[in-house]
Amino acid sequence: MPRSPSIDTKYWPHKKYFEVYHRSMENPEGFWAEEAYKLPWFKTWDKVLDWKPPFARWFVGGQLNASYICVDQHVKTWRKSKVAIYWEGEPGDTRVLSYSTLHREVNRFASVLKNIGIKRGDKVALYLPMIPELPIFMLACGRIGAVHTVIFSGFSAQALADRINDIGAKILITADGSFRRGKLLNLKEIADETVKFTPTIKKVLVVKRTGSGVSMKEGRDLWLDDLLGEAEAHVPPEPMESTDPLYILYTSGTTGKPKGIVHSTGGYLVYNHAAYKWVFDIKEESVYWCTADVGWVTGHSSIVYAPLSHGAAIVMYEGAPDYPGIDRWWDIIEKYGVTIFYTSPTAIRLFMKYGADWLKKYNLSTLELLGSVGEAINPEAWLWYYRNIGEERCPIVDTWWQTETGGIMISATPGIEQLPLKPGSTGLPLPGIEAMVVDENGEPSLTSEKGYLVINKPWPGMLLTIYGNPERYAEAYWRKFPGQFYTGDYATKDSDGYFWVLGRADEVLKVAGHRIGTIELENAAISHPAVAEAAVVGKTDPVKGETIVTFAILREGFEASPTLEQEIKKHYRRVIGPVAIPEEVYFVNRLPKTRSGKIMRRVLKAVASDTDIGDVTTLEDEASVEEVRKAYEELKKGL
Ligand code: PRX
């Protein structure tokens with residue numbers, strides 16, 4: 001079979017995509033400079049790329065400002081009266097912000113930050129629900145050169161404190177609460193618990209969302225509304241170096257400690273601006289809705305920075321997709337005339353479960369393009385999405401990317417040219433992205449042979465480093481295959497050059513699209529007094545893709561019981577948050593291990609999912625076939 005090193009232009013004769021891709025490979029720096037010129041810079045760069053492997057610095061010497069790009073440039077044009085954000089709260093309340101309103105608010109929020117002592121380079125922690133104040137604060141941070149870290153509101157006080165302490169954030173911004181599935185979620189209470197353990201946090205700024213009474217600590221807690229009264233109407237955007245960090249976002253890896261992924265200002269914005277156009281074919285009249293939470297990278301790039309850099313109108317929704325009914329999202333699409341809809345396979349599978357009748361009373365004819373992100377979309381879900389939501393009219397862009405990549409890397413690119421789609425495949429790499437599937441030795445895999453997905457060249461959206469730990473950055477992404485960025489995913493590439501991402505090759509789970517490390521989960525389990533040892537695996541789930549299953553060995557003196565199982569689940573909620581609650585906790589006497597002491601996770605996974613152990617000769621096994629089978633039988637018997 002032929003070896004296929006990268007994408008080969010002979011596969012598809014369509015001209016435009018290959019012309020652009022080819023150009024990007026021939027002269028990457030010239031290509032990216034051309035893209036960079038599409039953004040307004042205060043000062044252009046001296047050097048496009050400074051590549052000292054594994055550290056890439058883009059547009060060195062260039063100066064720009066994220067809030068200027070996302071807001072100011074638009075208010076200088078007719079777009080000042082264009083809608084920037086259509087926001088809908090879960091209870092049905094709405095807010096519409098034009099670009100000029102957004103501009104005014106970003107300035108006032110920036111002034112508030114300055115007035116409480118936040119300066120360029122300071123770290124600001126944002127623990128907010130999906131309300132307009134979240135993107136406004138992100139942009140306000142960017143305006144004054146402060147670095148934001150958004151922590152998803154599904155994380156607990158302890159998880160929040162760990163992240164704050166890792167970067168030494170000066171201020172925590174939260175809300176009095178949020179609405180979720182009709183209930184009040186009291187974020188302020190969690191913030192209060194957090195700040196007991198975060199010595200660097202001097203002030204807690206509170207946004208009023210629910211109006212539910214919260215306790216405010218004199219001298220530490222401040223209502224945003226009170227400070228806005230004193231705010232200046234204009235704060236000049238700070239000229240930031242292209243290589244200055246724009247934000248830090250935590251994600252899970254293969255160790256217990258989440259990684260603070262640091263993204264640059266210039267490279268990140270240039271990459272996202274370009275990728276967004278290629279993938280979503282954004283037009284002036286588009287109404288774009290990405291259903292992700294801003295707490296994840298999808299929300300950063302695909303709700304805030306990329307669409308706003310284009311002056312697009314976005315929809316933002318606070319609550320649960322199935323509240324008060326399973327048709328909530330379709331109602332929103334009809335109401336705002338959404339043209340581009342971007343969601344996750346998990347959500348699609350949830351809707352599939354309820355059937356297409358729910359859709360009948362809605363007019364979804366405004367939709368032009370659909371997107372999918374977060375995990376592989378199975379062909380059944382793809383087809384359901386295509387037929388029922390897209391009414392066989394809208395192409396689906398299945399976008400592969402990661403927190404680390406900053407922006408979309410592999411996807412269909414209707415903004416350049418619509419190539420044939422294959423349900424379940426993410427398609428071809430974006431221009432400038434040299435993606436490959438390699439074997440254990442870093443050699444290109446055979447066509448359609450499973451291997452590791454790697455990226456050969458640096459790209460502008462690439463992370464700068466892991467905060468405070470450049471060594472871990474080099475180790476996690478560049479050591480396995482020297483000179484190639486290791487994504488941690490398995491993939492295949494077919495004879496047309498299309499990529500099929502098969503899931504994580506490392507110990508990271510994807511639960512309803514949320515990324516969470518098994519070691520982090522195991523550490524949480526063993527911090528419970530009853531648990532001596534624990535192993536965590538993902539169990540295949542028809543809706544969530546994977547759910548968390550914990551195998552636990554109890555300490556002497558503790559008895560397995562349903563009450564203990566509940567208690568351990570609650571413990572997970574306390575330590576990490578609701579995102580980490582296992583579906584099941586199995587109590588076992590022994591964990592299957594290889595001779596070198598490595599837990600045989602595939603054995604656990606097969607037992608948890610009640611599937612056969614299957615092909616035991618895959619890349620991750622270091623035990624013999626017999627050993628794996630024996631361990632599997634023993635464990636099954638023991639349960
Ligand atoms: O395993 C891949 C999966 O999500 C991982 C990245 O997770 P995170 O950093 O949380 O970012 C998610 C959203 C950008 C990847 O390593 N993944 C993401 N998109 C896809 C995917 N797997 C298959 N197909 C996708 N479209």
Side-chain angles (χ1 to χ4, degrees), residues 67 70-71 74-75 79-109 126-141 148 150 152-154 173-182 184-185 187 205-212 224-225 228 282 285-296 298-324 327-343 347 366:
S67 86
C70 293
V71 192
H74 308 309
V75 297
R79 283 195 197 122
K80 69 171 185 273
S81 51
K82 179 179 174 176
V83 171
I85 303 176
Y86 289 108
W87 177 82
E88 178 148 325
E90 195 186 71
D93 47 340
T94 58
R95 283 163 71 183
V96 179
L97 283 76
S98 64
Y99 271 96
S100 80
T101 313
L102 184 63
H103 181 251
R104 188 186 67 218
E105 295 299 288
V106 169
N107 273 280
R108 293 169 75 220
F109 282 39
L126 299 170
Y127 186 61
L128 284 165
M130 286 286 285
I131 53 178
E133 285 80 358
L134 177 49
I136 296 171
F137 265 123
M138 291 162 78
L139 295 165
C141 285
H148 63 70
V150 181
F152 174 55
S153 53
I173 303 179
T174 188
D176 60 351
S178 173
F179 296 99
R180 189 78 189 175
R181 215 161 261 120
L184 269 184
L185 186 68
L187 295 177
L205 197 53
V206 188
V207 179
K208 196 168 273 162
R209 160 66 187 125
T210 60
S212 59
L224 171 67
D225 284 347
L228 282 172
I282 188 79
E285 63 277 20
S286 302
V287 177
Y288 166 87
W289 184 19
C290 166
T291 65
D293 192 288
V294 173
W296 307 102
T298 315
H300 281 58
S301 303
S302 306
I303 298 180
V304 183
Y305 292 110
L308 299 181
S309 77
H310 281 273
I314 66 164
V315 172
M316 190 177 170
Y317 168 59
E318 176 187 36
D322 52 355
Y323 190 85
D327 53 346
R328 184 66 189 267
W329 279 10
W330 320 129
D331 184 47
I332 293 176
I333 291 179
E334 181 183 284
K335 183 167 171 185
Y336 298 101
V338 171
T339 60
I340 307 171
F341 179 60
Y342 189 32
T343 192
T366 53

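Along the sequence shown, residues are numbered consecutively beginning with 1. Being a predicted model, the structure only gives us computed values, none of them experimental.
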Find the distance between CG (L139) and SG (C70) and round it off to the nearest 0.5 Å.
-> 5.5 Å
Below 4.5 Å, heavy atoms only, C-beta onward: do P135 and M316 meet side chain to side chain?
-> yes
Take the angle between the ring planes of W329 and W289 and call it parallel below 30°, perpendicular above 60°, tilted in between.
-> perpendicular
Where G319 and E90 come nearest, the two heavy atoms and their spacing | CA-OE2, 3.4 Å
Could I get the full list of salt bridge (Lys or Arg N to Asp or Glu O under 4.0 Å) partners for R79, not counting sequence neighbours?
-> E284
With a 4.5 Å heavy-atom cut-off, do V294 and M138 have their side chains touching?
-> yes
Check: T339/E285 side-chain N/O donor and acceptor closer than 3.5 Å | no
Roughly how far, to the nearest 0.5 Å, is the NZ atom of K335 from the OG1 atom of T366?
-> 14.0 Å
For S302 and P307, which heavy atoms make the closest approach, and how far apart are they?
-> O-CG, 3.3 Å
With rounding to the nearest 0.5 Å, note down the distance linking CD1 in I136 to CD1 in I131.
-> 9.0 Å
Heavy-atom closest contact (C141 atom, H148 atom, distance) | SG-CB, 3.9 Å
Expected output: side-chain R328 to main-chain Y323 donor-acceptor under 3.5 Å | yes
What one should report as the nearest heavy-atom pair of C290 and T298 is SG-CG2, 3.9 Å
Taking the side chain as every heavy atom from C-beta outward, state whether W87 and D93 have any pair of such atoms under 4.5 Å apart.
-> yes
Indicate the ring-plane relationship of F341 and W330, choosing parallel, tilted or perpendicular according to the 30° and 60° boundaries.
-> perpendicular
Are side-chain heavy atoms of R95 and I85 found at a separation under 4.5 Å?
-> no
What is the minimum heavy-atom distance between L187 and S153, and which atoms define it?
-> CD2-CB, 3.9 Å
Parallel, tilted or perpendicular: rings of F137 and F109 (30°, 60°) | tilted
Is it the case that more than 12 heavy atoms not belonging to K82 sit under 6.0 Å from its NZ atom?
-> yes
When rounded to the nearest 0.5 angstrom, what is the spacing between CE in M130 and OH in Y317?
-> 10.5 Å
Listed partners of S98 passing side-chain contact (heavy atoms from CB on, under 4.5 Å), at least two apart | S100, T101
Taking the side chain as C-beta and beyond, is there a heavy-atom pair between F179 and T210 under 4.5 Å?
-> yes
Side chain to side chain, T94 and Y336, heavy atoms closer than 4.5 Å = yes
Quick one: CG on L134 to CG on D293, what's the gap to the nearest 0.5 Å?
-> 7.5 Å
Where E318 and R180 come nearest, the two heavy atoms and their spacing | O-NH1, 4.0 Å
